[in-house]
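Here the structure is laid out as structure tokens; the discussion comes afterwards.
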Amino acid sequence: MKILVLNSGSSSIKFKLYDKEVPVITGLIGKIGEHSSQIVMKDLVNNKEKTSDVPVPNHKAGVKVINEFLGETGIVKSLQELDGCGHRVVHGGKNITKHCIIDREVLKEVRRVSVIAPLHNPANLVGIQAVIEAAPELPNVAVFDTAFHSSMPDYAYMYALPYEFYEEEGIRKYGFHGTSHSYVSKKAAEFLGIEYSKFNAITAHLGNGASVCAIENGKSIDTSMGLTPLEGLMMGTRCGDMDPAIIPHLVRITHLTAEELDVIMNKKSGLLGICGKNDLRDVESLIKEGNKKAELALNMYTYRILKYIGSYFTILPRTDALIFTAGVGENSHNIRKKVCDKLAHLGFELDDGLSQGTSGKITVVSKANSKQKILVVPTDEELEIAITTQNLIK
């Protein structure tokens with residue numbers, strides 16, 4: 001089956017075409033709507049690449065660019081020849097708890113919950129509509145970041161607010177990065193030879209956005225992100241957990257609006273807010289130069305990760321693996337070491353040599369005599385979306 005995976009952002013479209021779960025075309029259209037867009041598309045079968053900076057005015061035009069490139073490769077003539085298209089959709093809200101084939105009701109619900117995912121859902125919808133217009137007969141599937149976490153028990157996802165906020169407005173923890181947590185936990189269980197329905201793990205998806213998930217018997221039972229992706233860990237530009245009373249306090253003393261504070265908490269906080277850099281590599285470079293704010297930022301960052309892993313360790317009856325994934329989780333031995341050194345008393349003992357030698361494949365990085373296994377598992381959210389799409393349209 002040939003499945004196109006689309007991840008539509010507010011000004012970008014990231015895409016990948018799979019043939020029998022093998023990637024054959026990949027690409028990114030960035031700076032959509034700007035004077036000069038960035039187009040990079042690769043034909044992995046014929047080893048050809050096409051780049052361009054011609055303006056792409058909107059997502060509809062972006063899908064047209066993708067359609068034309070598909071025809072140029074000869075792998076398929078157009079979108080109409082595909083078996084399906086899987087779309088990453090960040091928020092399914094209270095009513096959509098499973099990945100599903102897209103119809104009018106699904107679109108309506110995704111649009112309705114955009115109020116709690118204003119940075120993501122509207123952009124996801126624009127991408128979906130562009131594909132529907134370009135290929136009306138093509139089956140489209142919505143793969144939700146929140147779906148994997150729908151198995152959380154009510155005592156884990158509820159906030160201690162008046163209950164009517166949950167009933168009337170859907171205010172609760174939803175969790176995100178679900179496709180990543182699902183993918184790496186299944187891969188780890190397979191790698192360790194443990195039946196997934198009996199697999200317990202703590203997964204740490206650490207990138208510019210970051211979250212930790214507790215998995216029991218192959219199901220999410222808690223995760224660090226909440227109603228939105230802002231809750232939980234300290235991230236590249238997001239503040240993560242804080243006293244909620246800070247918000248009305250800042251409104252009173254600075255006269256900032258709710259919208260302005262939302263921007264500050266999501267885009268100007270985290271590592272960036274503490275030391276001026278949101279890329280961990282830049283933070284570590286500043287530390288080498290003796291920058292104390294960068295050192296503080298890194299210590300705050302790893303401390304939050306440590307606290308969440310420790311808390312999830314206590315709620316699981318058994319932990320088969322601690323899994324590090326995503327950009328930082330997969331590539332930073334320093335972060336793994338700073339976290340795991342503080343977890344040694346719980347049985348997590350990192351092997352420095354193994355941890356420094358990871359190479360883009362599943363790797364056990366714990367010592368041979370470690371009571372708890374530590375793994376690095378490269379994530380592949382696009383492949384997870386492709387597999388999910390393929391299974392649904394069958």
Side-chain angles (χ1 to χ4, degrees), residues 145-146 148-161 171-178 180-182 184-185 188-189 198-207 209-235 238-246 265 269-271 297-326 328-329 332 335-350 365-366 370-377:
D145 278 21
T146 50
F148 181 63
H149 303 297
S150 63
S151 53
M152 285 189 293
D154 53 6
Y155 55 79
Y157 68 67
M158 286 295 296
Y159 294 115
L161 292 167
I171 304 299
R172 52 157 285 184
K173 174 185 283 194
Y174 290 98
F176 301 90
H177 295 140
S180 178
H181 290 297
S182 173
V184 299
S185 58
K198 298 177 181 177
F199 185 60
N200 291 3
I202 300 167
T203 50
H205 176 106
L206 307 178
S211 63
V212 179
C213 181
I215 297 169
E216 184 177 358
N217 296 327
K219 297 182 182 296
S220 171
I221 61 167
D222 204 353
T223 189
S224 56
M225 284 181 167
L227 173 75
T228 74
L230 185 60
E231 186 180 354
L233 303 178
M234 177 182 176
M235 305 174 223
R238 297 177 192 148
C239 62
D241 292 340
M242 67 177 193
D243 182 349
I246 291 171
M265 292 186 295
S269 299
L271 295 172
L298 187 66
N299 287 337
M300 292 170 65
Y301 179 83
T302 54
Y303 181 67
R304 294 278 186 91
I305 298 167
L306 179 68
K307 284 206 301 182
Y308 268 97
I309 292 173
S311 67
Y312 289 166
F313 184 77
T314 66
I315 66 172
L316 289 171
R318 179 194 77 258
T319 302
D320 296 312
L322 167 61
I323 302 165
F324 287 95
T325 192
V328 174
S332 178
I335 293 299
R336 293 194 293 267
K337 181 172 176 58
K338 285 180 73 69
V339 171
C340 292
D341 281 356
K342 293 286 188 179
L343 293 170
H345 66 293
L346 297 179
F348 296 94
E349 296 187 64
L350 189 74
V365 293
S366 47
S370 176
K371 291 181 180 179
Q372 305 290 340
K373 281 190 167 55
I374 308 166
L375 274 67
V376 173
V377 181

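Along the sequence shown, residues are numbered consecutively beginning with 1. Hydrogens, waters and symmetry mates play no part in the numbers below; they use all other heavy atoms, side chains included.
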Say you draw a straight line from [atom1] of [X] to [atom2] of [Y]; how long is it, rounded to the nearest 0.5 Å?
X	Y	atom1	atom2	result
Arg238	Met225	CZ	CE	5.0 Å
Phe324	Ile202	CZ	CD1	9.5 Å
Ile335	Leu206	CD1	CG	8.0 Å
Arg336	Ser366	CZ	OG	11.5 Å
Met235	Leu271	CE	CG	10.5 Å
Leu306	Leu233	CG	CG	11.0 Å

[Y] and [X], any side-chain heavy atoms less than 4.5 Å apart:
X	Y	value
Tyr312	Thr319	no
Lys307	Asp241	no
Ser211	Phe176	no
His205	Cys213	no
Val184	Leu375	no

Does any donor atom in the side chain of His149 or Ser220 lie under 3.5 Å from an acceptor atom in the other side chain? yes
Angle class for the Phe348/Phe313 ring planes (parallel below 30°, perpendicular above 60°, tilted otherwise)? perpendicular
Stacked cation flag Arg304 on Tyr308, 6.0 angstrom / 45 deg: no
Between Asp320 and Lys198, does any side-chain N to carboxylate O distance fall below 4.0 Å? no
